[in-house]
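Count residues from 1 along the sequence. Computation of the quantities below employed the complete heavy-atom set of this structure, encompassing side-chain atoms and omitting hydrogens, waters and symmetry-equivalent molecules. Order of listing sets the numbers, starting from 1, for every ligand and every atom in it.
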Amino acid sequence: MIKSHETINVLGFHTSILSREDILKAVTRWVTDRKNSNHLMALNPIKVCRARKEELLAQHIVNADLLYPDAYGIAWAMTQFSGTKYPTIPGCDLMCDIMKLASKNKNSVFLLGGSQAIVEKAKVLFQREYPGAAIVGIRNGYFKNDDDMQSTLSDIMTIKPDIVFVAMGALIQENWIEMIRTKARQQSLVIPVCMGVGGSFDAITGNVPRPPAWMLRLHLEWLFRLFQQPFRAPRMLALPQFALLVLAKKIFKIDTDYHFPATRHGDDPAMRSELSTQQAEV
Ligand code: UDP
C-alpha cells in the first residue's frame with residue numbers, strides 16, 4: 001500500500017488520491033526501476049462489500065501497491081471523507097493508457113484471461129492500436145487443473161513481461177496476481193506491473209458493450225450493466241449497502257471500516273501488511 005498521506009481510507013481500504021496521470025508516472029517508474037512486482041488494483045463498492053465477507057479478498061486489497069477508484073461510488077466516498085472532489089478512474093481506460101505508455105516505451109505485455117476468442121481479439125486490437133508495445137504472450141482464463149495453471153505461471157516467469165493484464169472476475173484475478181508475485185519473488189524475478197482488468201478485454205473488443213457517455217456522466221454505469229447482464233442484480237445490492245456504510249461513518253461517526261478478525265496471536269493482518277509495505281514507494 002502506498003503511504004497513508006497519499007490515500008483516503010474508504011471503509012478500511014486505503015485508496016490512492018493520485019490522478020490518472022500520476023498513476024501512469026508511477027507505472028513508468030515501476031517498469032524502469034524494476035524493484036518489485038507491483039499490484040495495481042481497481043476498487044469498487046461491490047469489491048469492498050464482498051471483501052467484508054471474504055477475508056482473502058480483503059487481504060489482496062490491503063496487499064495491493066496502489067488502489068484506485070475504478071467506480072463512482074469509491075470516488076464519492078473519498079469526497080465524503082475528505083471534502084475534496086476526486087474523479088473516477090475507469091479501469092478499462094487506465095488499461096488503455098498503460099498500453100499507450102507501453103507502446104511509447106516499447107514495453108512487453110502478457111494478456112491473461114477471458115475466453116480464447118476474446119484474448120486473441122484483444123491481442124490483435126492492442127497490436128493495431130499500440131504498435132510499439134510487444135504482446136509477448138496470451139492465455140485464456142480457463143484452466144483444466146492445477147498443472148495447467150502452473151504451466152501458465154511458468155510461461156509468465158520465462159517470458160518475464162513488463163506488464164501483465166489479468167482479465168478475470170474479482171478474487172480469481174487477484175489470486176492470480178498473488179501467485180504471479182509470489183512465484184516471481186521465489187525466482188528473484190520482477191514482473192513490474194500486474195493489473196487486474198476484470199471484463200476489460202470484453203469491453204475493448206465489443207463483446208460486452210460499454211455504456212454510452214451520457215450514462216457515464218450521470219454515474220449510471222451500474223444501470224447499464226444491469227440491463228446488459230441481469231445476472232449481476234444480486235451483487236448490485238452492495239451499492240446501497242456501501243452508501244449506507246459510508247454515510248453512517250461520516251454522519252454518525254460509527255466505525256463501519258472493515259477490520260480483519262484478530263488471529264489467535266492477536267495480530268492484525270492489515271497491520272502486518274501495512275508495516276511490511278511501509279517502505280514501498282509509488
Ligand atoms: N473469466 C476468466 N476466467 C474465469 C472467470 C472469468 O477468464 O475463471 C473472465 C470472463 O471470461 C470475462 C472476465 O473474466 O471475460 C470478467 O468477468 P466479469 O465480468 O465477471 O468480471 P468483473 O469485471 O465483473 O469483475
- Query: For ligand 1, which atoms sit closer than 4.0 Å to a heavy atom of Ala167?
  - Reply: 7 (O), 9 (C), 13 (C), 14 (O)
- Query: At what distance is the nearest protein heavy atom to atom 8 (O) of ligand 1, and which residue and atom is it?
  - Reply: Gly141 O, 3.5 Å
- Distance from atom 23 (O) of ligand 1 to nearest protein heavy atom, with residue and atom: Gly199 N, 3.1 Å
- Query: If we only count N/O pairs under 3.5 Å, is Gly114 in contact with ligand 1?
  - Reply: yes
- Query: What's the shortest distance from atom 21 (O) of ligand 1 to any protein heavy atom, and which residue and atom give it?
  - Reply: Gly169 CA, 3.5 Å
- Going by the angle between their ring planes, with limits at 30° and 60°, are Tyr258 and Phe13 parallel, tilted or perpendicular? parallel
- Item | Member of Asn63, Asp65, Asn38 meeting the side-chain hydrogen bond (donor to acceptor under 3.5 Å, both in side chains) criterion with Arg181 | Asp65
- Query: Relative to the ring of Phe126, is the ring of Phe201 parallel (under 30°), tilted (30 to 60°) or perpendicular (over 60°)?
  - Reply: perpendicular
- Please check if any side-chain donor atom of Glu55 sits under 3.5 Å from a side-chain acceptor atom of Gln59, or the reverse. no
- For Ile172 and ligand 1, does the shortest N/O to N/O distance drop below 3.5 Å? no
- Message: Tell me whether ligand 1 is touched by Asp202 - counting only heavy atoms on the residue side and a distance under 4.0 Å.
- Response: yes
- Query: Any heavy atom of Phe201 sitting closer than 4.0 Å to ligand 1?
  - Reply: no
- Contact partition for Ser200 relative to ligand 1, non-hydrogen atoms under 4.0 Å: neither
- Answer with yes or no whether the side chains of Ser115 and Asn140 bring together a donor and an acceptor at under 3.5 Å. no
- Quick one: look up the protein heavy atom nearest atom 10 (C) of ligand 1 and list residue, atom name and how far away it is. Tyr142 OH, 3.3 Å
- Check each of Ile61, Ile74, Val62, Ile8 against Leu67 using the side-chain contact (heavy atoms from CB on, under 4.5 Å) test, and report the only one that passes. Ile61
- For Gly113, the atoms of ligand 1 under 4.0 Å from one of its heavy atoms are 7 (O)
- 4.0 Å heavy-atom contact, Arg235 with ligand 1: yes
- Query: Does at least one non-hydrogen atom of Arg232 fall below 4.0 angstrom from an atom of ligand 1?
  - Reply: yes
- Name the closest protein heavy atom to atom 25 (O) of ligand 1, giving the residue it belongs to and the distance to 0.1 Å. Ala170 N, 3.4 Å
- Item | Residues Asp257 and Asn9: side-chain donor-acceptor under 3.5 angstrom | yes
- Query: In terms of side-chain geometry, is the basic nitrogen of Asp97 or Lys100 positioned less than 4.0 Å from the acidic oxygen of its partner?
  - Reply: no
- Message: Could you check whether atom CZ of Phe227 has more than 12 heavy atoms from other residues, nucleotides or ligands sitting under 6.0 Å from it?
- Response: no
- What is the nearest protein non-hydrogen atom to atom 14 (O) of ligand 1, stated with its residue, atom name and distance? Met168 CA, 3.1 Å
- Task: Please determine if Gly198 has a nitrogen or oxygen closer than 3.5 Å to a nitrogen or oxygen of ligand 1.
- Result: no
- Message: Closer than 3.5 angstrom, by distance alone: can the side chain of Arg139 be matched with the main-chain N or O of Tyr142 as a donor-acceptor pair?
- Response: yes
